[in-house]
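Input: a single structure, listed below in structure tokens.
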Amino acid sequence: MSSNEDSTNENRSRRRFITGLTSAAWAVGAGFSVTPFVLSMNPSARAKNAGAPVEFDFSKLQLGQMVKVEWRGQPVVVLRRTPEMMSGLSDVTNLLADPDSVGSVQPTYALNAARADTDRNDVLVMLSVCTHLGCSPVEKLAVGPDPEMGEDSKGGFFCPCHGSKFDLAGRVYKNVPANKNMDIPPYQFLNENVILIGDDSARVS
Amino acid sequence: MSNFMEWVDRRFPATKVWNEHLAEYWTPKNFNFWYYFGSLAMLVLVIQIVTGIFLTMHYKPDASLAFASVEYIMRDVPWGWLMRYLHSTGASAFFVIVYLHMFRGLIYGSSREPRELVWLIGCVIFVTLMAEAFMGYLLPWGNMSYWGAQVIISLFDVIPYLGPILTEWIRGDFVVSDATLNRFFAFHVIALPLVLCALVFLHIVALHKVGSNNPDGIEIKDNKDENGKPLDGIAFHPYYTVKDLVGVVVFFMVYLGVVFFWPDGSGVLLEKDNFAPANSLQTPPDIVPLWYFTPFYSILRASTSDFLLILTVITGVAAVATFFIDTKRSNKISAFICYALLAVGLSIFDAKFWGVVMMGSAIVVLFLLPWLDKSPVKSIRYRSMPFKIAVGIFVIAFISLGYLGMHPVSELSTIQAQLCTILYFSFFALMPFYTAWGKTKPVPTRLT
């Protein structure tokens, strides 16, 4: 074989083509090999199963009291709202960014001004996770002047991280960093006193 | 001995490497105070790796054990407190040094031709270092660790469509959890240190190819003697190795002073809320990142819907102004289209999205420095007055952003942060203009 033959145009273009083809095959192979490594970082089966629903007996809550319950590692607020708190919800409508909860996450049965199951709409069950960057807002339940919530606060939630404000139904105020109302998880009442957070499959609507 | 070296040199280029990079690596003879920080950064990298190795001997990357294992290191492990304070103070020292090192590059024009790659690799090191520090900060599993990670990971949520999938992938769970801690440990202890060491190696290879800049900003290679040695160059070893040792001694006096007498920096180096274990139900009342992230954090927080309106106006003015700049017609049109698209984007996406974009851009603009700087001279010694004023304003804006980011937001501080954000970006956006404006001083042909 002479070296002249190797450098003919025909051979060169054939070699380029074969080199290109081999590189492409390697690239596809590399893509396939990376895939399991990338996917191994997704939530594991154990993490997915850990989302079991949580029961909470709210009869131990006084009227106007609030607790945080842990569900899927996240804080869920359970608040028994007083009639005064409930009437405050309609007073602040003009100050809210999305009073009708059009852009937020909630089950259909909580798509109302109180953002709660209409059977017991005084009980607020809400994911206490700020829709800005995921901090857990602080409860400001008292009606009246508050350094963070303003002069005539009707009560609400204030996020200490970046100053977002929400009303007592988790609806976000205007001109704060957060842009969505806080999420309402699926829930159902097992009986008069016990609530099941994270599961509404047995709910009769 | 010489026989031994001959034996080695026939098999491995030991003497060659020693000469090329130390004994006959010609360095400008006029290095000043600012030139300590490169070698100090390497020293701190070594300190962090060594103390890190000893910490991993006792630390447990498990959400139920991590916090207690750090307390165990502090109380029960012999000298464990020292390893931890060296490491936690070392992290802050690393950023002090890197910020000063970068500032040196800025004022002496060290990023300019032919050192663009040295600068770019350095910027990648900076970004990697930020990731390394952020992931390391989760490991003590204190309440500030937990919520800091929660906030920063949530930043990726603003990416349209991909955001929620991406954050789940980063956390490995639906919330910051044991899975997150475990993988951050892997990245912090193995992946990123390897990347950092490789990048530092590339940084030095690139630097030794082009040679060091100096406070005069002129090339020593332009004046060589008959043997090809730069007339104004001195050997890195022993001249600068010895000089750097002086810097090391002074550095250790400050660094160890903090380690022994002020390890928490009154809540700045070790935050008070991090002395309580992570609690997924309770966000700390004043959540702030560590001081070295606060300038960028301030830029994130400065983005409000009112601020976007101001930015839209500024973008509009910039779009019109492009037609008055003396440049090619096609340049004008493409610049105008860019500004117009930006203005439209500012009105479509919300403040949360732009906050993240601005924070990212604040880092990305650093990469562009070599091409934004149009001054005919490199060093601040010979530059025109507008550049000196701009650098002064930039330093004030950067430090103010850092200060504001360490404190809770108020109406006044938001406006201050917004002003500083505009100043920060103006420094880079207007750089092609003010660096070319004004009279520069004549540059000497030899080092002064």
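Letters A, B, ... are given to chains in the order of the sequence lines, protein chains preceding strands, and every chain is numbered from 1.
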Q. Are there more than 12 heavy atoms of other residues, nucleotides or ligands under 6.0 Å from atom CZ of B:Phe156?
A. no
(Q) For chain A, which candidate among B:Val158, B:Thr283, B:Ile152, B:Thr414 shows the most heavy-atom pairs at distances under 4.5 Å? (A) B:Thr283
**Q.** Spatial distance of atom OG (A:Ser164) from atom NZ (B:Lys352) [nearest 0.5 Å]
**A.** 9.0 Å
Q) In terms of heavy-atom pairs under 4.5 Å with chain A, which of B:Val175, B:Ile287, B:Leu281 leads? A) B:Leu281
Q: Check whether any side-chain heavy atom of A:His162 sits under 4.5 Å from a side-chain heavy atom of B:Val151, and report yes or no.
A: yes
Q: Please list, in residue-number order, every residue in residues 299-314 of chain B that has a heavy atom less than 4.5 Å from any heavy atom of chain A; write 'none' if there are none.
A: B:Leu300, B:Arg301, B:Ser305, B:Asp306
Q: Under 4.5 Å heavy-atom distance to chain A, tell me which part of B:Pro285 shows up: side chain, backbone, both or neither.
A: backbone
(Q) Can you give me the closest heavy-atom contact between B:Glu168 and A:Pro43, atom names plus distance? (A) O-CD, 3.9 Å
Q) Measuring heavy-atom distances to chain B, does A:Val176 have an atom under 4.5 Å in its side chain, in its backbone, in both, or in neither? A) neither
Q.
Within this structure, what is the CZ-CZ distance for the pair B:Phe174 and A:Arg72, rounded to the nearest 0.5 Å?
A. 6.5 Å
Q. How close do B:Gly172 and A:Ala47 get, heavy atom to heavy atom, and via which atoms?
A. O-CB, 4.2 Å
Q: Report the distance from atom NZ of A:Lys48 to atom CG of B:Asp173, rounding to the nearest 0.5 Å.
A: 11.0 Å
Q | Heavy-atom contact with chain A under 4.5 Å, split by part of B:Tyr297 | A | side chain
(Q) Using every non-hydrogen atom in the two residues, find where B:Pro284 and A:Pro160 come nearest and quote the distance to one decimal. (A) O-CG, 3.9 Å
Q.
Please determine whether the number of non-hydrogen atoms from other residues, nucleotides or ligands lying under 6.0 Å from atom CD of A:Glu84 exceeds 12.
A. no
Q) Got B:Trp147 and A:Ser136 here, is their nearest side-chain heavy-atom distance under 4.5 Å? A) yes
Q | Shortest non-hydrogen contact between A:Asn42 and B:Trp169, atoms and distance | A | OD1-CD1, 3.2 Å
Q | Gap between atom CD of A:Gln74 and atom OG of B:Ser280 - 0.5 Å precision | A | 8.5 Å
